[in-house]
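Okay, structure first, notes after.
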Amino acid sequence: MSYSDKVIDHYENPRNVGSFGKDDKSVGTGLVGAPACGDVMKLQIKVSPEGIIEDAKFKTFGCGSAIASSSLVTEWVKGKTLDEAAQIKNTDIAQELALPPVKIHCSVLAEDAIKAAVADYKKKTEPGDAAAE
Amino acid sequence: MTAVNSSKRPIYLDYQATTPCDPRVVDKMVPWFTEKFGNPHSRNHAFGWEAEEAVELAREQVGAIIGADAKEIIFTSGATESNNLAIKGVAHFYRGKKDHIVTVVTEHKCVLDTCRHLEQEGFSVTYLPVRPNGLIDLAELEAAVTDRTALVSVMAANNEIGVIQPLAEIGALCRRKGAFFHTDCAQAVGKMPLDVNAMNIDLMSISGHKIYGPKGIGALYVRRRPRVRLVPLINGGGQERGMRSGTLPTPLCIGIGEACAIAKAEMEAEAERLRSLRDRLLAGIQAKLPEVYVNGDMENRLPGNLNLSFAFVEGEGLMMGVKDLAVSSGSACTSASLEPSYVLRALGLEAEMAHTSLRFGLGRFTTEAEIDYAINHIVEAVNHLRSMSPLWEMHQDGVDIKSVQWAEH
C-alpha cells in the first residue's frame, strides 16, 4: 500500500506527541479503539477557562494512517471551542490525508477521539463537582 | 527518524515470499529460450531430443535433492498447483473407498482453500490445531487418522514462522495407518535435508522461486512404490505420466533443476551461515529492545526465518518505519487484509500481539552488514513508535493492558 505524502509527513514528523496529566482539571482525555483491532488513540485537549482548546497532545498505536489522523487533529483542534472541535468530521480528515478506503476507519477513530476528549472534559467540569477548580 | 536515501533500494529480508533467481540458474536457462527452443515432446528431430534430454536431467536434479527417482517428479506451474494436484488428485481418485483428509490450521492458504473446496464436494476434513510453538501434537494426528482417511497433508516448514513439523514421525504414522502422506515443502526444499524414503513421504510439493529458481514452475513428487494414483487437474496430451498435460516449459524446468543442484551442493554451509545471521539479528534486537518475543519454535525452525512480535507497536505502522527493509507483516498472500495473521492466532497469540509481528526472511544474498544495519534501523523505528504508543505508556505506568475495558470496533 502506498501512503500519501501528507500521511508520510505526519508519520515521520508527528505533531504534538505526548501526554498531559490526566487529573488536570483543564484536560480532557479521549482513549478510543482497542489493541485487538490494531488501533488505539489517546487524544488530550487542554482547555482555557473561556472554553478554548489551547493545546492538544496524542499518542497512537496503529498504522501510519492512524498516526497521521491523530497527529492532524491535534493541529486542527487548537484554537477551537469545544463545540467547534466536536464538529470535525472524519470525512474532512480522510480527505486532507487522502486516505484510501481501507483506511477510512482511522479517520473515524480520530473523530471519535475528539468527541471522547470533549466529553471527558465536560464531565470533569460539570457544575456540582466539588473538586472543580 | 534518520533521513533515508530514498533512491536506495531497501534491504531484502523477505526470502520466504520469494527469492531472486540465482545468476547461475539464469545462465543455464538462457540458451533454452532462443537457439535451443525445441519442444521436449517432439520425438522426430534433434530440436526435440536435446530439449527432452535437458528436461530429464532437470528432473533428476529435482529428484536428487529429496532422495527421489526422476520418474517420480511431475513438473507443475508452482507449489500452489502441486498442492491442488496432490490433494484433489488423491481425494478424487480414492473417492468411494475413502472420504477423509487431515491437515493443519497453519497450512498455506492454497492447501486450506483446496480442503474447503473438497468439503463442498462432500469430503470431510480434519484441521489439526498446533501447540503454542507451532508444532502439531502427534497424538492428535494419531487420533484423527482413520481407515476412511485418504490423505494427511502437513507442511514441512511454515511460511510465516518457519517451524518444521516432525516429518519422519508423521510419515511413519501415516504408513502404519494406511493413509498417504503429502507435504508442502515449498519453504523446506534446499533449506533442510529431506528424504522421501526415510520420511515415508508419498507426495511432496516443490516450488522453483523459493529456491533461487524461476517463478512459474514447481514440481510434485508422486511415489511409485507403493504407487500413489491421482486424477489429473489438467487433461490433454498425457505428458508427465498423464498427471499433468501441457508442453513443458523447457527453460523453467532447467531453471528449477539447476536451482536444486546448487541448493543441494551448498545447503549445509548455507544453513549454518543463515542460522548464525538469524541469531545475530535476534540477539542484536533483543539486546537493545525489551518486550520483543519470538513466534514459533526456535529449535525446529528454518535457519533463515525469524518472526517477532514487538509489543505495543502495530506491525503495519512498524513496516512503514522500517522502510529501508523489505519485510512482511503477516504473509504476503494475506497482508492485503487488515486481519492479524491466522498462523499467529493459531499459536494462541492474542490479537494485539499478532498485530505487532514482523517476519524476517534471510537468504543466499543476505550479508552481515545488512543484518547490522537492519538491527539499528528496527531498534530506532520501534523506539520512535513506542514513544508515541499509548499502550507502551500504560505499560510503563504499570497498567495491565488486558485489564482495560476496550471498545472493540
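Atoms considered below: every heavy atom in the structure, side chains included; atoms not considered: hydrogens, waters and symmetry mates. Just so we're on the same page: letters track the sequence lines, and every chain starts at 1. Keep in mind that this is a model prediction, so the values were computed, not measured.
Nearest heavy atoms, B:E314 versus A:F61: N-CE1, 3.4 Å. The two residues A:A36 and B:A351 have their closest heavy-atom pair at O-CB, 3.6 Å. Between A:Y11 and B:H384, the closest heavy-atom pair is O-NE2, 3.5 Å. Annotation for A:A34 and B:W406: closest pair CB-CB, 3.6 Å, computed over non-hydrogen atoms. Nearest heavy-atom pair, A:K59 versus B:S389, reported as atom, atom and distance to 0.1 Å: CD-O, 3.9 Å.
Summarising the local packing, CG of B:D400 is surrounded by more than 12 heavy atoms from other residues, nucleotides or ligands at distances under 6.0 Å. Summarising the local packing, CG of B:D397 is surrounded by more than 12 heavy atoms from other residues, nucleotides or ligands at distances under 6.0 Å. Around the CD atom of A:E75, the shell of radius 6.0 Å holds more than 12 heavy atoms that belong to other residues, nucleotides or ligands.
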Next on the checklist: Using side-chain contact (heavy atoms from CB on, under 4.5 Å), reason through A:V40 and B:F312 one step at a time and then give a plain yes or no.
Outcome noted: CA-CA 10 Å; A:V40 176; B:F312 316 112; over 6 Å; no
Next on the checklist: Using the rule given for side-chain contact (heavy atoms from CB on, under 4.5 Å), can you reason through B:M394 versus A:K42, listing the C-alpha separation, both sets of side-chain angles and the distance that settles it, and then say yes or no?
Outcome noted: CA-CA 11 Å; B:M394 292 163 92; A:K42 188 185 78 168; over 6 Å; no
Next on the checklist: Evaluate A:I67 against B:M320 for side-chain contact (heavy atoms from CB on, under 4.5 Å), listing each step before the verdict.
Outcome noted: CA-CA 11 Å; A:I67 290 168; B:M320 199 172 159; over 6 Å; no
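The part of B:T356 that comes within reach of chain A is its side chain, from C-beta onward, which places non-hydrogen atoms under 4.5 angstrom from that chain. For chain B, the nearby part of A:L31 is the side chain; its heavy atoms alone come within less than 4.5 Å.
In terms of heavy-atom pairs under 4.5 Å with chain A, the best-connected choice from B:L385, B:I401, B:L318 is B:L385. Ranking B:E352, B:M388, B:E350 against chain A, the residue ahead of the rest is B:M388, based on heavy-atom pairs under 4.5 Å. Taking chain B as the reference chain and counting heavy-atom pairs below 4.5 Å, the highest number among A:G18, A:S70, A:P35 is found for A:P35. Put simply, of A:I8, A:T60, A:V17, the one with the most heavy-atom pairs under 4.5 Å next to chain B is A:T60.
One finds the NE2 atom of B:H355 at 6.5 Å from the SG atom of A:C37 (value rounded to the nearest 0.5 Å).
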